[in-house]
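Note that these values count all heavy atoms, side chains included, but never hydrogens, waters or copies made by symmetry.
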Amino acid sequence: MSHSPEYEFTKSLYDAKQSYVTNLECSITGKDDYKAGEIHGLSEAGRPLLVRYDLDAIKNSVTRDEIEARPGGFWKYREFLPVNGGDNVVSLGEVMTPLIPLDHSVPGGCDVIVKDEGRLPTGSFKARGLALAVAMAKELGQNHLAMPTNGNAGAALAAYASYAGLKTTVFCPDDTPIVNIREIELQGATTYTVNGLINDCGKIVYDGKEEMGWADISTLKEPYRIEGKKTMGLELAEQLGWEMPDAIFYPTGGGTGLIGMWKAFDELEKLGWIGSKRPKMFSVQAEGCAPIVKAFEAGEEHAPLWKEAFTHAWGIRVPIAVGDFLILRAVRESGGSAIAVKENHIFECRDRVAKQDGLLLCPEGAATYAAWELALEQGQVNTSDKVVLFNCATGLKYPMPETDRFLDKNQPIDYNRFK
Ligand SMILES: *Cc1c(COP(=O)(O)O)cnc(C)c1O
């Protein structure tokens, strides 16, 4: 089977040189003797591990211009990714996701752009993290992957793992949108629904992983999903001419993307590819599940379990996050904030952007628009600020309002009604 030139080019990038990974480091204690090339979960302290690179070597081996000239999506950031060898690269036709300005649904003069992640394989930005997690599992010889999911992560895991020939078992809350559950199963994962939330599903994986020999691919419990999500920051920097926007609004569940982008900006500054300016990072949650917002407001470093979590923005219905302190640190260091939005506000914003700008946001993406509106009202951002909202998935995977206009073809049609 012959692949596209982009695909062949991507593989050749990974065959041409080894990764620049030096070691992995505990994100809370700084203990840094976790070796590359070995299987890792959380650190000994029970917190996420961060992948470290030889940034000087990267600086000497590639330029911004060379990266910009490469075709394809996130795999092109080869020097910033941990995979060794083209055969471990799993690619389903990734694209650089577009930046779409909102021209009609925001007040005149506002510079608000949406990074539309719904265009990635499996329709969400989970593709970034899971492509990397699957590639690394393949490289490290893991062959049965398990995860809890609110839908999109499971779909991306299933697709990439099936492509790579790895087995997957997935657990979702039983009220996950049906399209997600079926999609996961159809793409090759054995899928179970569970009468609980994502953390209950996570416990099933945690308790069973030793007996089953599962690789636990839960958010931040293996080190490589962050590296995949980091490419959002690399891509954004490249697309904006290596200038940071004034603010980024990110819908926060486990926080992988926010933590990943923050790491990307740090790596880019160390290479001298961007300056010291950082966007204000806004962590967006729903009022029915806002552990990070509560901890932010209370000045805490950690965010305890949120009880009776509720929201129809499933991707951010995450009652507890193992990387809570990393999200909170990034938000605070950036001078940003954590904002909770009302459920009905989310859907009002989804409808407005769809009707006025022709862009169907997912509820989590619509939540970032709602949070931006609040931040503007409260003076946390200005109308002149360049703002990036993340639409993390295609709006097509979520329930939509019913329509009930009907025509009987056997009756005379009153064309006046269409005026
Ligand atoms: C997973 C997900 C999120 C949350 O992303 P994190 O980086 O884990 O915080 C938000 N929206 C959608 C649609 C998701 O699938």
Side-chain angles (χ1 to χ4, degrees), residues 96-119 125 229 231-252 255 257-262 264-265 268 274-286 292-293 296 313 315-316 327 330-342 345-346 348-393 395:
M96 179 175 259
T97 62
L99 292 177
I100 302 171
L102 295 182
D103 283 335
H104 309 290
S105 59
V106 301
C110 288
D111 187 3
V112 179
I113 45 187
V114 174
K115 187 152 175 67
D116 191 6
E117 296 280 297
R119 323 261 173 136
F125 66 4
K229 280 284 199 80
T231 62
M232 292 191 291
L234 302 175
E235 219 172 271
L236 193 59
E238 181 185 327
Q239 286 174 301
L240 295 176
W242 310 98
E243 290 284 330
M244 291 288 104
D246 296 303
I248 291 178
F249 286 75
Y250 186 81
T252 310
L258 198 149
I259 297 165
M261 281 193 278
W262 199 243
F265 299 152
L268 289 175
I274 62 169
S276 58
K277 177 183 168 181
R278 289 287 181 281
K280 288 184 186 169
M281 303 297 281
F282 288 87
S283 168
V284 179
Q285 299 198 302
I292 299 295
V293 178
F296 178 79
I316 53 176
I327 303 167
V331 168
R332 288 185 176 123
E333 275 174 40
S334 76
S337 183
I339 298 182
V341 294
K342 289 196 180 347
H345 193 192
I346 293 176
E348 265 168 45
C349 293
R350 177 186 68 174
D351 297 357
R352 190 189 316 158
V353 176
K355 288 198 161 67
Q356 297 181 11
D357 268 304
L359 188 60
L360 182 57
L361 302 175
C362 62
E364 299 83 352
T368 66
Y369 180 105
W372 165 74
E373 215 168 47
L374 283 180
L376 190 63
E377 251 170 59
Q378 294 165 1
Q380 292 174 298
V381 290
N382 301 316
T383 46
S384 60
D385 284 341
K386 187 177 208 60
V387 172
V388 175
L389 310 180
F390 270 87
N391 184 47
C392 5

Quiz prompt | Taking every non-hydrogen atom, the tightest pair across C392 and P251 | solution = SG-CG, 3.2 Å

Quiz item: Of the non-hydrogen atoms in P279 and M244, which two are nearest, and what is the gap between them?
Solution: CD-SD, 3.7 Å

Quiz item: Do D357 and R352 sit within salt-bridge range, that is, some charged N less than 4.0 Å from a carboxylate O?
Solution: no

Practice problem: Check the side chains of K280 and Q380 for a donor-acceptor pair under 3.5 angstrom, ignoring hydrogens and angles. | Solution: no

Exercise. Run the numbers on K115 and E235 for salt bridge (charged side-chain N to carboxylate O under 4.0 Å, His left out), then give the verdict.
Key: CA-CA 10 Å; K115 187 152 175 67; E235 219 172 271; 2.8 Å; yes

Quiz prompt | Heavy atoms of other groups near K342 NZ, more than 12 under 6.0 Å | solution = no

Quiz prompt | Least distance between heavy atoms, I327 atom then G255 atom | solution = CD1-CA, 3.7 Å

Quiz item: Do side-chain atoms of D385 reach the backbone of N382 as a donor and acceptor pair under 3.5 angstrom?
Solution: yes

Quiz prompt | N-O pairing of E243 and K386 below 4.0 Å | solution = no

Quiz item: Can you name the nearest heavy-atom pair linking A286 to I316, along with the distance?
Solution: N-CD1, 3.9 Å

Exercise. May I ask you to decide if A393's main-chain N or O and N391's side chain share a donor-acceptor pair within less than 3.5 Å?
Key: yes

Practice problem: Indicate whether any N or O donor in one side chain lies under 3.5 Å from an N or O acceptor in the other, for T97 and E117. | Solution: yes

